[in-house]
Amino acid sequence: MLNKKKLRAAAFIDYEHWYISMEKIYRKKPDIGAWIDMINERADLREITFFADFSNPSLNKEIAKIREYTNKIVETKNPNPHSEKDFTDFIMLDNIYQKAFADDNTDIFILFTGDAHFNSVVAFLKTICRKQVGVYGVKGAFSSQLKSTASWWVELPTDSDILKPYYDMILKNIRYLEHNLKANQKVTFLNTVNSVSEHYSADKQKVRAALQSLIDNGYIESHEEKAHRKMTVTLKTNWDKLISDGLWVAESQSGNLFIKKSSPINKEESPTKRKSTAKTSKNKPQKKS
């Protein structure tokens with residue numbers, strides 16, 4: 001079968017929305033490269049334009065990073081020093097309309113904004129220009145009206161993006177245990193959640209969600225075992241799959257196991273110093289988690 005030809009796309013990014021919302025809500029910065037990769041999975045991205053008031057010092061520092069992907073960067077600073085009116089939306093809308101009228105070769109218009117002011121242009125592109133319109137926005141700062149008008153929409157960061165830091169905590173914890181447990185000891189779900197959240201001062205619900213995500217995606221196998229009339233969930237990690245998918249670097253490649261048996265244990269090295277995630281026959285059995 002022939003591969004289906006991807007539709008040609010042009011993207012318009014309100015970088016103020018992306019950068020400021022990510023920083024304020026998630027304390028993270030935009031990953032432009034990962035976002036472009038995401039788009040290229042569904043479209044042939046031919047043009048990208050970034051819009052922002054780059055007189056903002058934090059945004060100004062982002063220009064070099066943006067230039068790694070495109071030179072189409074539009075400064076939207078208000079030229080009137082006595083006015084605080086934001087010109088970003090106005091300038092971005094003008095560019096979108098010009099593109100729609102002048103270029104009939106673009107099949108998909110991709111917008112990155114959460115502002116409901118763009119609802120009209122999205123409707124225009126869909127109904128009058130017969131274009132497909134995809135909208136990306138930051139979760140927690142994304143207009144529900146804009147979502148409902150778009151052909152499709154995506155919120156960032158994705159659940160996987162949010163959980164990635166917790167994956168690392170969990171996998172380091174499990175890897176340490178696998179190299180230090182006795183023969184009759186096993187890694188369990190509940191003790192892993194408790195130990196990791198305590199050692200890293202991490203949100204327990206997010207640690208639990210991350211561990212469950214690793215299980216759901218086949219990186220960790222969970223097995224129910226009965227002990228003393230109670231059920232315990234034990235864990236077995238598929239390191240080959242984790243390495244293949246880039247979630248773990250093999251020790252032979254990195255030359256640095258998280259903790260070696262001969263290494264001195266301290267708080268930074270061992271997430272199990274204060275509370276072991278191991279289960280022995282002497283431990284009180286856990287309830288099913």
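From a predicted model like this one, the values you see are computed outputs, not experimental measurements. For the numbers below, each heavy atom of this structure counts, side chains included, while hydrogens, waters and symmetry mates do not.
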Q: Ignoring hydrogens and angles, tell me if any N or O in the side chain of S213 forms a donor-acceptor pair with the backbone of A209 under 3.5 Å.
A: no
Q.
Could you walk me through whether Y15 and F51 satisfy the side-chain contact (heavy atoms from CB on, under 4.5 Å) test, starting with their C-alpha distance in whole Å, then the side-chain angles of each, then the deciding distance to 0.1 Å, before giving a yes or no?
A. CA-CA 6 Å; Y15 202 61; F51 302 82; over 6 Å; no
Q: Ignoring hydrogens and angles, state whether a donor on the side chain of E62 or Y19 is under 3.5 Å from an acceptor on the partner side chain.
A: no
Q.
Once rounded to the nearest 0.5 Å, what's the spacing between atom CG of L7 and atom CD1 of I108?
A. 4.5 Å
Q | Heavy-atom neighbours of K126 NZ exceed 12 at 6.0 Å | A | yes
Q. Would you say the side chain of D44 lies within less than 4.5 Å of the side chain of D107, judging by non-hydrogen atoms?
A. no
Q: Compare all side-chain heavy atoms of W152 with those of V135 and state whether any distance is below 4.5 angstrom.
A: no
Q) Checking side-chain contact (heavy atoms from CB on, under 4.5 Å) for the pair F109/T106: CA distance, chi angles, key distance, verdict? A) CA-CA 7 Å; F109 280 71; T106 299; 3.9 Å; yes
Q. Are M38 and I162 linked, directly or through other ILVMFWY residues, by side chains that come within less than 4.5 angstrom of each other?
A. yes
Q) When rounded to the nearest 0.5 angstrom, what distance separates CG in L214 from CG in L235? A) 10.0 Å
Q) Is a donor on one side and an acceptor on the other found under 3.5 Å between the side chain of S21 and the backbone of W18? A) no
Q: Determine yes or no for a side-chain-to-main-chain donor-acceptor pair under 3.5 angstrom, with T76 supplying the side chain and D53 the backbone.
A: yes
Q) Looking at F54 and L59, what are the two nearest heavy atoms and their distance? A) CD2-O, 3.5 Å
Q) Between E178 and R175, is the closest basic N to carboxylate O distance under 4.0 Å? A) yes
Q: Kindly give the heavy-atom pair with the smallest separation between K241 and N217, and that separation in Å.
A: CE-O, 3.2 Å
Q: Kindly check if the number of other-residue, nucleotide or ligand heavy atoms within 6.0 Å of CZ (F90) is above 12?
A: no
Q. Parallel, tilted or perpendicular: which fits the ring planes of F124 and F101, with parallel below 30° and perpendicular above 60°?
A. tilted
Q | Pairwise distance CZ(F12) to CG(L111) - rounded to 0.5 angstrom | A | 7.5 Å
**Q.** Ion pair D104/K131, N-O distance below 4.0 Å
**A.** yes
Q) Backbone N or O of D37 within a donor-acceptor pair of the N40 side chain at under 3.5 Å? A) no
(Q) Any side-chain to backbone donor/acceptor pair from S195 onto T192? Under 3.5 Å, distance only. (A) no
Q.
Looking at K147, I want to see if its NZ is surrounded by more than 12 non-hydrogen atoms of other residues, nucleotides or ligands under 6.0 Å.
A. yes
Q.
Under 3.5 Å, is there a donor on one side chain and an acceptor on the other for E16 and T88?
A. yes
Q. Looking only at heavy atoms, what is the nearest atom pair of I215 and S222, with distance?
A. CG2-OG, 3.8 Å
Q. Which heavy atom in L146 sits nearest to a heavy atom in T113, and how many Å separate them?
A. CD2-O, 3.6 Å
Q: Would you please test F87 and M92 for side-chain contact (heavy atoms from CB on, under 4.5 Å) and show each step?
A: CA-CA 8 Å; F87 275 19; M92 186 169 164; over 6 Å; no
Q) Do the side chains of D89 and D115 get nearer than 4.5 Å, heavy atoms only? A) yes
(Q) Is it the case that the side chains of E198 and N194 hold a donor-acceptor pair, with the cut-off being a distance below 3.5 Å and no angle test? (A) no
**Q.** Heavy-atom side-chain contact between Y97 and V121 under 4.5 Å
**A.** yes
Q: For N180 and Y176, indicate whether the former's side chain and the latter's backbone hold a donor-acceptor pair under 3.5 Å.
A: yes
Q: Flag yes if L211 and Y219 sit in one hydrophobic cluster, no otherwise; membership is Ile, Leu, Val, Met, Phe, Trp, Tyr, and two members link when side-chain heavy atoms are under 4.5 Å apart.
A: yes
Q. For the side chain of S201 and the backbone of S197, is there at least one donor-acceptor N/O pair under 3.5 Å apart?
A. no
Q: Could you check whether the rings of H17 and F112 sit parallel, tilted or perpendicular, using 30° and 60° as the cut-offs?
A: tilted
Q: Check for a donor-acceptor pair, side chain of K28 on one end and backbone N or O of E23 on the other, with a separation under 3.5 Å.
A: no
**Q.** K186 side chain reached by E225 side chain, heavy atoms, under 4.5 Å
**A.** yes
Q. Are the ring centres of W35 and Y136 closer than 6.0 Å?
A. yes
Q: Could you tell me which non-hydrogen atom of K139 sits nearest to which non-hydrogen atom of Y26, and how far apart they are?
A: O-OH, 3.0 Å
(Q) What's the separation between atom CD1 in I32 and atom CZ in R67, rounded to the nearest 0.5 Å? (A) 12.0 Å
Q. Roughly how far, to the nearest 0.5 Å, is the CG atom of D168 from the NZ atom of K164?
A. 12.0 Å
Q | Closest approach of V154 to F142 (non-hydrogen atoms, all atoms of both residues) | A | O-CE1, 3.6 Å
Q | Step-by-step salt bridge (charged side-chain N to carboxylate O under 4.0 Å, His left out) determination, E47 to K99 | A | CA-CA 11 Å; E47 183 180 327; K99 181 70 173 177; 2.7 Å; yes
(Q) I'd like to check L125 versus I96 (side-chain heavy atoms, cut-off strictly below 4.5 Å). Are they in contact? (A) yes
Q: Working to the nearest 0.5 Å, report the span between CD1 of I220 and OG1 of T237.
A: 4.5 Å
(Q) Using a 6.0 Å distance limit plus a 45 degree cone around the ring axis, check whether K72 lies over the aromatic ring of F50. (A) no
(Q) Within a 6.0 Å radius of atom NE2 on H223, are there more than 12 heavy atoms belonging to other residues, nucleotides or ligands? (A) yes
Q. Between K65 and D31, is there a donor-acceptor pair closer than 3.5 Å when you use the side chain of the first and the backbone of the second?
A. no
Q) Looking at side-chain heavy atoms only, is the closest gap between I73 and I66 below 4.5 Å? A) yes
Q.
Do I170 and I174 have side chains that approach each other closer than 4.5 Å (heavy atoms only, starting at C-beta)?
A. yes
